[in-house]
Amino acid sequence: MNNLNLNEPQRQSLVGVAVIFFKNLRVAANIFISVILVQFGTEISFWGLGLKEVGFIIAGLFLIISYLQYRRFYFYVVDDKFIMEKGLLSRDRITIPFDRIQTVNLNQNIIQQVLGVMAVKVDTAGSSEKELEISALPKSYARELQNFLIEKKEETKQEKGELETETSEAESKTNKTLDLSTKRPLVTLPIKDLLLVGLTENHLRTGLLVFAVINGYVWQFEEYLLKPFEPFLEEQANTFMASWLILLPIAVLAFLFISVLMSMIQSLLKYFNLEFFVDAKGVQLVSGLLKRAEYQIPNNKIQYLKWKSNPLRKLIGLRTLAVKQASPEDARGTKGVVRVPGCRDEQLEVVLDTFYPQALEGTYTHYLPNQLLRLQHTIYFGIIPSILITGLGWFGWIFSLGALLYLPISLFFIKKYFYSVSMMVSSEMLILKKGWVFPTRVAMPLYKLQNVKLTQSIFQKQRNLASVTFYTAAGVEGFKHLPFEEAVELYDFLLYKIEVEDRGWM
């Protein structure tokens, strides 16, 4: 039992002043650049003070504000609630009942790492935003607070009768933080694998994101950033227009190079020194270079596992493992997911065996989709695009040739995808498989199901088919175009399992 005493209001570590100051410094820098530097230029003078003096005055004001924010920040416990008070001119009092706590995670940005403190972040049920963050606590104290909040959450649930006595005692023990000093990580990401992960990221998405960020800053400070180059751009405008055939390939190559480089940098910053711990207690993921983050998911919060790959990662034997937990935004896939970007097959087998040993037991019923799925994909992704490409033949024979090449290639990939789709259901587990180029797998214990939905479109009704959708606290999965009798049988079986199951999904 954790003996941390929070009955009296507590402050953060004194070095929290520096942490708060550097957070505020970003706001100060934006004000300085956008309001003073851009609007008035570098030669501005206020009451005889130059630009440098004004900058120091603004920084000094924000330092005073940071100290006052530190002094006015408290956290403490009253009854079964964790309370935080903050604010200067107006006071905010955030109250979080222990039984509403979802997760308690630890973070360290580069400043916190240098100062030897950690941030504690508490996420609660029923909110899409983090409710509470304590920015600067000593490492040992932060871990004690994490354990304390998790233990109090379980104790409160027991008192309210939300958990069975026998299971709640076990879960109270298993929801403690994994002891990183004695546990060996199941998955680590050495520099070699980290670089491979960076090389196999979605570079197009990274490049477009970088372009959007740069473009946003350029247009935001257009007058200040572009004005010095206007004479040169006007002078070279005709040259650029005349040389676009040469400049376009160079621009594409530059875009690809920057995208790959940024993907690798992003992977390095996010997944540096990654360690993934897993046992009967749950999972804990520790990773990051400039921002060191520790994410913990107790076993009872984990809803299901999902892993996928792409052609390059499949070639080097890596999978991206996603541990899906209950969270308000999970249905949209924006929150509540802990990802391991580089997981090898043997490591994945150990993870599955640890969480779902029942996956290897029992008899499975196999399900395959009807040929309607293949027909739909053939029409949507094969025939219609080919017709559109053929229509562009008006502009040149190369488009007609492209249509002739596209159709057989698309039919080949559609066939491979169709035969990759399957589902297996036992008395305890549901396993979904789909994808050939981008293979995806889902392992879901049946007791985590909250609801099952049977649907039948007009086209399915004509062919005596139906689709089944599976709802959990971490999102939605589904399987299309089952024979109607099989779909009804599966639907009834899963509803029965939901009704009779006495294990909680949370």
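The figures that follow rest on heavy atoms only: side chains count, while hydrogens, waters and symmetry mates do not.
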Exercise for the section: Output, in order, the C-alpha distance, side-chain angles, deciding distance and verdict of side-chain contact (heavy atoms from CB on, under 4.5 Å) for V421 and F479. Expected result: CA-CA 9 Å; V421 179; F479 197 85; 3.7 Å; yes
Practice task
Step by step, work out the side-chain contact (heavy atoms from CB on, under 4.5 Å) result for I94 and I96.
Solution key: CA-CA 7 Å; I94 300 175; I96 303 178; 4.2 Å; yes
Practice task
Mind running side-chain hydrogen bond (donor to acceptor under 3.5 Å, both in side chains) on Q69 and N24 for me, showing each step along the way?
Solution key: CA-CA 11 Å; Q69 287 176 327; N24 291 336; 2.9 Å; yes
Exercise for the section: Go through the steps for E133 and N107 under the test side-chain contact (heavy atoms from CB on, under 4.5 Å), then give the verdict. Expected result: CA-CA 10 Å; E133 178 180 350; N107 281 23; over 6 Å; no
Exercise for the section: List the steps, then state whether side-chain contact (heavy atoms from CB on, under 4.5 Å) holds for L208 with F255. Expected result: CA-CA 9 Å; L208 292 176; F255 176 82; 4.3 Å; yes
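F75 is listed as a side-chain neighbour of L137, based on a closest heavy-atom distance under 4.5 Å. Looking at heavy atoms from C-beta onward, D99 lies out of side-chain contact with D80 at the 4.5 angstrom threshold. Y304 is not listed as a side-chain neighbour of L430, based on a closest heavy-atom distance of 4.5 Å or more. In this structure the side chain of L305 reaches within 4.5 angstrom of the side chain of V323, judged on heavy atoms. Side-chain contact between I258 and M262 is present, with at least one heavy-atom pair separated by less than 4.5 Å. When side chains are defined from C-beta on, F62 does not count as touching I20, because their heavy atoms never get closer than 4.5 Å. Residues R91 and R72 are in side-chain contact: their nearest non-hydrogen atoms beyond the backbone lie under 4.5 Å apart. Contact of the V442 side chain with the F470 side chain is not registered, since no non-hydrogen atoms from C-beta on lie closer than 4.5 Å.
Closest heavy-atom contact between V260 and H203: CA-ND1, 3.7 Å. In terms of heavy-atom proximity, G198 sits nearest to S267 at CA-OG, 3.4 Å. The minimum heavy-atom distance between V17 and S66, with the atom names listed, is O-CB, 4.0 Å. Here the closest non-hydrogen pair linking Q113 and R292 is NE2-N, 3.5 Å. Contact detail for S426 and L446: the closest heavy-atom pair is O-CD1, 3.3 Å. Of all the heavy atoms in Y364 and M429, the pair that sits closest is OH-CB, 3.5 Å.
Counting only distance, with no hydrogens or angles, the side chain of Q450 and the backbone of K448 share no donor-acceptor pair below 3.5 Å. Panel note: side chain S420, backbone G435; a donor-acceptor pair is recorded below 3.5 Å. The backbone N or O of G478 sits nowhere less than 3.5 Å from a side-chain atom of T469 that would complete a donor-acceptor pair. In this structure a side-chain-to-backbone donor-acceptor pair under 3.5 Å is present from N310 to T200. For the pair Q12 (side chain) and Y70 (backbone), a donor-acceptor distance under 3.5 Å is absent. In terms of modelled atom types and a separation under 3.5 Å, the side chain of K291 and the main chain of L269 share no donor-acceptor contact. Not one N or O on the side chain of E428 forms a donor-acceptor pair closer than 3.5 Å with the backbone of P445. Checked by atom type and distance alone, the side chain of N5 pairs as donor or acceptor with a backbone atom of N7 at under 3.5 Å. Between the K497 side chain and the S427 main chain, a donor and an acceptor come within less than 3.5 Å of each other. Not one N or O on the side chain of R71 forms a donor-acceptor pair closer than 3.5 Å with the backbone of Y67.
How far CG of L6 is from CG of L149: 7.5 Å, rounded to the nearest 0.5 Å. For the atom pair CE of M118 and CG of L106, the computed distance is 4.5 Å after rounding to the nearest 0.5 Å. Here the CD1 atom belonging to I297 is positioned 10.5 Å from the NZ atom belonging to K324, to the nearest 0.5 angstrom. Residue W307 holds its CH2 atom at 8.0 Å from CG of L321, rounded to the nearest 0.5 Å. Rounding to the nearest 0.5 Å places CG of L289 at 14.0 Å from OH of Y271. Interatomic distance, D123 CG to N105 CG, rounded to the nearest 0.5 Å: 6.5 Å.
Tested against D345, the residues R313, R319, R441, K314 include a single salt bridge (charged side-chain N to carboxylate O under 4.0 Å, His left out) partner, R319. Each of E85, K86, E8, R11 was compared with Y74 under the side-chain hydrogen bond (donor to acceptor under 3.5 Å, both in side chains) criterion, and only R11 meets it.
Donor-acceptor pairing under 3.5 Å is recorded for the side chains of S135 and K23. Side-chain contact check for Q296 and Q146: at least one donor-acceptor pair (N or O, by modelled atom type) lies under 3.5 Å.
For K81, there are no salt bridge (Lys or Arg N to Asp or Glu O under 4.0 Å) partners, not counting sequence neighbours.
In this structure, F148 and F98 have perpendicular ring planes: the angle between them is above 60°, well past the 30° mark.
Heavy atoms of other residues, nucleotides or ligands lying less than 6.0 angstrom from OH of Y295 number 12 at most.
Salt-bridge annotation for E294 and R143: present, with a side-chain N of the basic residue lying under 4.0 Å from a carboxylate O of the acidic one.
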